[in-house]
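Worksheet: one structure, shown below.
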Amino acid sequence: EQVDRELKVVGDIQRSLLPRELPKIQGVELATFYQTSQRAGGDYYDFFPMDDGKWGILIADVSGHGTPAAVVMAVTHSIAHTHHGPPAPPSALMTFVNRHLTARYTNGNGTFVTAFYGILDPERREMIFACAGHPMPRVRRGKSGIIEIACGDAGGLPLGIDPDERYDESRIRFEAGDLLVLYTDGITEARDAAGNMMGLEPLDAALRPCQTAERAVERICEVTRAFAGARKPDDDQTLVAARFS
């Protein structure tokens, strides 16, 4: 009982590091979902306001589960928020977090953090982003309903592996009605009773008819739970959705 109480406290502390409320961004509707597979977990998402009306959007996933992953998640949060100057450009923040993680916290212990970080310009409806081994976002185009993968030239090793890793940047442009969905692999790697993974097709099928960010999150969660059935999540699950008006 004492251990269970301590784990609950760890989980409460970890959740307190997440945004308490979603930011109000002109022309953008936001929705999120966050569920740990144990008392505490290693998924993380955050929003960084900037003076010019832009917003940084970060989603990350620590390797492993439970309390050890929650500790590294808290460390990642702390490093990201101690970055000198504005959290831009994306490659600069990624490099900063990577070097500090590698130097002090993950070097040699096999732990790493996948992450996607983008700077959203709501006025121009575009995002410049960098990726560190994280699943690339899905973009549902409002006019056609086509699902696209936001990739471009961005890519790199997960954070905490190589202190000298460089993170290239790429750009996504949006139109009115487009939906952007960021997710951790706990969604696509959800398993059914037989151990089969859900994969990307059900995610895309769930997203395709959605017209709002809230509905996109709800529908993806419904499909994921239906696929898993009675099986409890094996990994933390996080979603961040944005719809452009």
Distance, nearest 0.5 Å, that separates [atom1] of [X] from [atom2] of [Y]:
| X | Y | atom1 | atom2 | result |
| --- | --- | --- | --- | --- |
| Leu159 | Thr111 | CG | OG1 | 12.5 Å |
| Arg125 | Ser245 | CZ | OG | 7.0 Å |
| Met136 | Ile172 | CE | CD1 | 8.5 Å |
| Leu18 | Thr238 | CG | OG1 | 8.0 Å |
| Cys131 | Phe116 | SG | CZ | 6.5 Å |
| Phe112 | Leu157 | CZ | CG | 10.5 Å |

[Y] backbone acceptor or donor facing [X] side chain under 3.5 Å:
| X | Y | result |
| --- | --- | --- |
| Ser16 | Ile13 | yes |
| Asp178 | Glu175 | yes |
| Asp192 | Ala228 | no |
| Arg243 | Gln211 | yes |
| Ser78 | Ala74 | no |

Over 60° means perpendicular and under 30° means parallel, so classify the ring planes of Phe244 and Phe174, tilted if in between.
parallel
Can you list the residues that meet the ring pair (Phe, Tyr, Trp, His ring centres under 6.0 Å) rule with His100, with sequence neighbours excluded?
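Only Phe96 meet the ring pair (Phe, Tyr, Trp, His ring centres under 6.0 Å) criterion with His100.
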Could you tell me if the side chain of Arg208 sits less than 4.5 Å from the side chain of Ile147, heavy atoms only?
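Answer yes - side chains close enough.
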Less than 4.5 Å apart, any side-chain heavy atom of Arg191 and any of Met198?
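Arg191 vs Met198: side chains apart.
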Working note: His65 + Asp235, criterion side chain to side chain donor-acceptor pair (under 3.5 Å); need CA distance, chi angles, decisive distance, verdict.
CA-CA 7 Å; His65 315 292; Asp235 197 2; 3.2 Å; yes
The single option from Arg140, Arg141, Arg173 that satisfies salt bridge (charged side-chain N to carboxylate O under 4.0 Å, His left out) with Glu148 is Arg141
My understanding is that only one of Thr224, Val181, Asp43, Ile59 makes a side-chain contact (heavy atoms from CB on, under 4.5 Å) with Leu239; could you say which?
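Filter result, single survivor: Val181.
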For the residue pair His81 and Asp46, confirm or rule out a side-chain donor-acceptor distance under 3.5 Å.
yes
Under a 4.0 Å N-O cut-off, is there an ion pair linking [X] with [Y]?
| X | Y | result |
| --- | --- | --- |
| Lys54 | Asp51 | no |
| Lys24 | Glu29 | no |
| Glu126 | Arg171 | yes |

Quick one: do Asp61 and Thr114 satisfy side chain to side chain donor-acceptor pair (under 3.5 Å)? Show the steps, please.
CA-CA 5 Å; Asp61 181 2; Thr114 70; 4.6 Å; no
Just do the ring-ring contact (aromatic ring centres under 6.0 Å, His included) check on Phe129 and Tyr117 with the steps written out, would you?
CA-CA 6 Å; Phe129 65 91; Tyr117 179 57; over 10 Å; no
